[in-house]
Each structure stands twice: as structure tokens, then as C-alpha cells.
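None of the values given here were measured: they were computed from a predicted structure. Indexing begins at 1, ligand by ligand and atom by atom, following the structure's order. Values below: all heavy atoms of this structure, side chains included; hydrogens, waters and symmetry mates excluded.
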Amino acid sequence: MAQKIIIDTDPGQDDAVAILLALASPELEVLGITAVAGNVPLALTARNARMVLELAGHTEVPVYAGCDRPLRHTLVTAEHVHGRTGLDGPDLPDPQMPLSEGHAVDFLIDTLRSEPEGSVTLCPLGPLTNVAKALTRAPDIGPRIARIVLMGGAYFEVGNITPAAEFNIYVDPEAADIVFKSGVPLTVLPLDCTHKALVTSPRNEAFRALGTPVGIAVAQMTDFFERFDREKYGSDGAPLHDPCVIAWLLRPGLFTGREINVEVETVSDLTRGMTVADWWGVTDRPANALFIGGIDADGFFALLTERLARL
Ligand code: RIB
Ligand code: CA
């Protein structure tokens with residue numbers, strides 16, 4: 001029986017690769033995609049999600065538009081990383097498939113209420129606004145969620161949008177605070193993990209060597225996406241953040257982490273969005289998240305490349 005998931009996302013080249021990995025994996029059933037404002041404004045994230053589904057030939061998956069701004073702050077976007085469209089790199093056609101009727105938050109609530117309790121995993125890949133709104137509007141769905149497996153946060157790796165905070169958490173720290181305090185089983189893929197998943201040139205060439213529209217498009221996406229990280233960190237390739245979420249579902253053995261307490265800074269402007277991870281257990285705050293610190297990067301890219309070849 002395939003694991004049912006909902007991907008909440010702000011595509012974003014790395015989000016796109018995560019969506020493709022999920023679509024290529026028979027272990028997973030993607031019930032729907034909920035778009036959120038993040039890397040680029042909502043109209044573009046909702047557009048990009050549909051373009052990725054059409055690239056993969058999976059237009060049966062519904063896409064719902066969600067929140068166009070964070071709960072409290074004004075929206076911060078990341079065109080400097082992802083380009084004006086959010087999916088710069090490949091030349092993909094405008095989407096033909098329509099957005100599904102209804103708001104993403106309603107889709108999350110309705111689906112979690114109608115699917116068997118504990119049968120649906122949420123995979124947030126962007127700011128947590130949609131998920132937090134669903135949990136707040138319908139508290140009854142919390143116990144019905146199997147697990148939330150999200151990309152976000154940082155501890156030893158520190159921040160990528162400020163010295164203290166990772167982008168997804170920084171954009172909507174209030175939403176993240178709601179999710180981290182929800183009591184829902186939580187797996188967190190932070191920069192501590194994703195910065196070890198670099199698309200080096202050989203890995204990027206392996207995507208291109210697939211010779212398929214998907215393989216070539218992914219190589220073009222990561223070619224574009226990496227210039228920011230190469231310039232900032234001097235790294236050989238871009239970190240493939242969001243596909244780590246899907247890979248953890250498929251092969252958790254590729255990752256290492258600890259069940260610890262993680263809380264989110266929402267008060268200080270200086271450290272807004274910082275994920276305060278009690279990695280060394282120095283407080284008596286109860287564990288609320290499996291915080292992932294390590295990844296078998298070669299194993300991750302072997303899995304990703306093999307799965308992309310199937311599309
Ligand atoms: O900080 C990395 C995260 O922010 C990724 O999810 C990327 O897509 C952006 O949303
Ligand atoms: Ca993302």
C-alpha cells in the first residue's frame with residue numbers, strides 16, 4: 001500500500017526536483033500539491049507546480065493555491081536564488097492544466113478529515129503558512145496526521161537568509177511555531193543535512209545523461225540554482241534541499257538524526273526564525289522533532305537519479 005502524501009510547496013527548483021522524485025516513486029501516492037508563497041509569490045508557485053506536473057506527465061495530481069503571505073510578517077521572497085519566475089533554468093511551457101477549485105487550506109483539512117486517521121503524511125517544502133492555518137482552523141486534524149516531514153531550519157549550519165535563520169522558517173516563524181508545537185510527529189530536514197547534498201558537476205551530468213526531458217530539465221534547474229550557493233559558500237554545486245524530504249520517506253536509512261526539542265524564535269528581530277535545537281539535551285524541554293543532521297549523499301543522489309530515470 002503506497003504511503004499517501006500531500007506536498008506543500010513554493011517551487012523553487014529544489015521543490016520541483018522533490019515533486020519529481022515523489023511522482024517517480026511507487027511507494028508514494030501524491031494526493032495533491034498545495035502551493036504557498038515563498039521563493040516567489042503565490043501566483044508563480046501555483047504556476048510552477050503545474051508546470052512540473054506537466055513535465056512529469058502527472059496532471060492527474062490536483063494543485064491548490066494557498067496562502068499568499070505569512071501569518072504576520074510581509075512576504076520575503078528569494079528571486080536572487082531561484083530567478084524571477086522561481087523556476088529559471090529550463091524553458092518549460094506555461095501550464096495548460098487548471099488550478100483546482102478551492103483553497104489549499106481547505107484541501108488540507110478536507111483530505112485529512114476524509115482519509116483514514118494516520119494515513120496521510122504532510123511534506124512541507126516552503127514556509128509553513130498553509131499547514132499552520134489548517135491546524136489552527138481545524139485542530140481536529142492534528143491527531144489525524146501521520147507525520148509532518150519538512151525541509152526547514154538549521155542549527156550547526158546556521159542560517160541562509162539571515163545569520164540565524166533558514167529561509168522557510170524565517171519567512172513565517174509564527175507558522176513554524178504552530179507546527180513545531182502541534183504535537184504532530186515531526187521530521188525536520190534542516191540545512192545541517194541539506195548542505196551536505198550538493199549537486200556536484202558529476203551528479204549534475206548524471207541527470208543530464210538520462211537524456212530525457214525530465215533529466216535534462218533537472219540538470220538545467222540545478223545549473224541555474226547553484227550559482228547562488230557557489231558564489232556564497234564557494235561550494236561545488238547547489239544543495240538540493242527539498243528532495244531530502246521525499247528521500248527520507250523512501251530511504252530513512254540514508255539519514256541520521258536525533259529526537260530533540262526544537263523551538264522557533266518569533267519575538268526577536270535579530271534572530272527571527274531561528275530554530276533553537278537542543279541537540280545536546282541541555283534543557284528539560286520535551287523532544288518534539290526528529291532533527292536530521294547527516295546524509296549519505298552518494299546514496300541520496302543514486303536514489304534520485306535512478307528514480308528520475310523512470311519519468
Ligand atoms: O532554505 C531552503 C529552502 O528555502 C528550500 O525549501 C528552498 O526551496 C526555499 O524554499
Ligand atoms: Ca522550497
- Task: Return each pair, listed once, that meets side chain to side chain donor-acceptor pair (under 3.5 Å) where at least one residue sits in residues 124-138; pairs must be two or more places apart or across chains.
- Result: Asp8-Asn130, Asp106-Arg137, Thr129-Asp172
- Message: Strictly distance-based, threshold 3.5 Å: is any side-chain N or O of Lys181 a donor or acceptor partner for the main-chain N or O of Glu263?
- Response: no
- Task: Would you please write out the protein residues whose heavy atoms approach any atom of ligand 1 to under 4.0 angstrom, listed by chain and number?
- Result: Asp10, Asp14, Asp15, Asn39, His82, Leu125, Met151, Asn160, Glu166, Phe167, Asn168, His241, Asp242
- Message: Are Val262 and Asn288 packed together at the side-chain level, in the sense that at least one heavy-atom pair is separated by less than 4.5 angstrom?
- Response: yes
- Message: Same cluster or not: Val36 versus Phe167, using hydrophobic residues (I, L, V, M, F, W, Y) connected whenever any side-chain heavy atoms lie under 4.5 Å apart?
- Response: no
- Task: Could you please tell me which protein N, O or S atoms lie under 3.0 Å from the Ca ion (ligand 2)?
- Result: Asp10 OD1, Asp15 OD1, Asp15 OD2, Leu125 O, Asp242 OD2
- Query: Hey, quick one: are Leu150 and Phe255 part of the same hydrophobic cluster, counting side-chain heavy atoms closer than 4.5 Å, chains of contacts allowed?
  - Reply: no
- With sequence neighbours excluded, what pairs up with His195 under the ring-ring contact (aromatic ring centres under 6.0 Å, His included) test? Tyr233, His241
- Task: May I ask you to test the Pro190-Thr275 pair for a side-chain heavy-atom distance under 4.5 Å?
- Result: no
- Query: What class does the angle between the rings of Tyr155 and Phe291 fall in, given that below 30° is parallel, 30 to 60° is tilted and above 60° is perpendicular?
  - Reply: perpendicular
- Task: Please determine which of Thr45, Asp14, Thr85, Asp10 meets the side-chain hydrogen bond (donor to acceptor under 3.5 Å, both in side chains) test together with Asn39.
- Result: Asp10
